[in-house]
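Comments concern the structure below.
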Amino acid sequence: MYAIVEIAGQQFKVEKDRKVYVHRLHSDEGSSVNFDNVLLVDNDGDVKVGAPKVDGASVSAKILKHLKDDKVVVFKKKRRKGYAVKRGHRQYLTQILIENIAF
């Protein structure tokens, strides 16, 4: 059984007892969150597709921890012009554990 759910503006395929990294959520570690924007639910071949979302479906998850992703280095250069810029970025993430998929 799995579901396609929209979390923080992105779509994720989630299954029960799976850990997922999503964009930073504004909740405390250890708290539970519910996601109601479920786009598709597959229960062993019985597929329900929403238009745009499945009515009555929800995904509950527990926030495990907040962390930062690996550094991404952005380097820009124009040859023979003396132009070189190096910047870095680390995305804020939240690790969640999918506890239940209800539909």
Side-chain angles (χ1 to χ4, degrees):
M1 176 177 190
Y2 72 90
I4 305 293
V5 61
E6 184 175 337
I7 302 171
Q10 291 185 323
Q11 296 177 7
F12 295 94
K13 178 181 176 182
V14 296
E15 296 179 15
K16 189 174 191 288
D17 298 328
R18 284 277 173 102
K19 294 178 183 175
V20 180
Y21 291 100
V22 298
H23 285 304
R24 180 67 58 100
L25 300 176
H26 299 290
S27 297
D28 295 329
E29 292 183 7
S31 64
S32 295
V33 290
N34 283 335
F35 304 108
D36 296 328
N37 202 2
V38 179
L39 306 174
L40 181 138
V41 176
D42 182 8
N43 188 10
D44 297 327
D46 180 25
V47 179
K48 293 183 182 180
V49 179
K53 62 180 185 175
V54 179
D55 292 330
S58 67
V59 173
S60 62
K62 180 180 180 181
I63 295 179
L64 298 178
K65 62 182 174 179
H66 298 294
L67 59 139
K68 288 169 73 172
D69 199 7
D70 294 335
K71 180 173 270 194
V72 176
V73 176
V74 179
F75 184 73
K76 298 179 181 181
K77 181 180 178 176
K78 297 189 180 189
R79 62 185 196 156
R80 297 187 303 270
K81 304 295 182 201
Y83 173 77
V85 175
K86 182 178 178 182
R87 293 192 179 115
H89 175 75
R90 291 187 73 184
Q91 184 69 39
Y92 291 102
L93 299 176
T94 299
Q95 184 182 25
I96 61 174
L97 175 68
I98 305 301
E99 293 179 329
N100 190 20
I101 299 172
F103 61 97

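For reference, positions follow the sequence shown, starting with 1. If you're wondering where the values come from, they're calculated on a predicted model, not measured in any experiment.
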Sequence neighbours excluded and cut-off under 3.5 Å, please list the side-chain donor-acceptor pairs for residues 72-87, or say none.
none

Give every donor-acceptor pair under 3.5 Å between a side-chain atom in residues 34-55 and any protein atom, sequence neighbours left out.
unit_1: Asn37; atom_1: ND2; unit_2: Glu6; atom_2: OE1; d: 3.2
unit_1: Asp42; atom_1: OD1; unit_2: Gly45; atom_2: N; d: 3.0

Expected list for residues 89-103: side-chain donor-acceptor pairs under 3.5 angstrom, two or more places apart:
unit_1: His89; atom_1: NE2; unit_2: Gln91; atom_2: OE1; d: 3.2
unit_1: Arg90; atom_1: NE; unit_2: Asp69; atom_2: O; d: 2.9
unit_1: Arg90; atom_1: NH2; unit_2: Asp69; atom_2: O; d: 3.4
unit_1: Gln91; atom_1: NE2; unit_2: His23; atom_2: ND1; d: 3.2
unit_1: Thr94; atom_1: OG1; unit_2: Leu25; atom_2: N; d: 3.0
unit_1: Thr94; atom_1: OG1; unit_2: His66; atom_2: ND1; d: 3.0

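Counting only residues at least two apart or in different chains, salt bridge (Lys or Arg N to Asp or Glu O under 4.0 Å) contacts with residues 11-20 comprise Glu15-Arg18.
Tyr2 and Val22 are not part of a single hydrophobic cluster, where members link through side-chain heavy atoms under 4.5 Å apart. Cluster annotation: Val33 is connected to Ile7 through the hydrophobic network of ILVMFWY side chains, with a link wherever side-chain heavy atoms come within less than 4.5 Å. In the hydrophobic cluster analysis, where Ile, Leu, Val, Met, Phe, Trp and Tyr join through side-chain heavy atoms closer than 4.5 angstrom, Ile4 is grouped apart from Val59.
Residue Phe12 comes nearest to Tyr21 through the heavy atom pair CE2-O, 3.6 Å, listed as atom of the first residue, atom of the second, then distance.
Residues passing the salt bridge (charged side-chain N to carboxylate O under 4.0 Å, His left out) test with Glu29, sequence neighbours excluded: none. For Arg24, there are no salt bridge (charged side-chain N to carboxylate O under 4.0 Å, His left out) partners two or more places apart in sequence or in a different chain.
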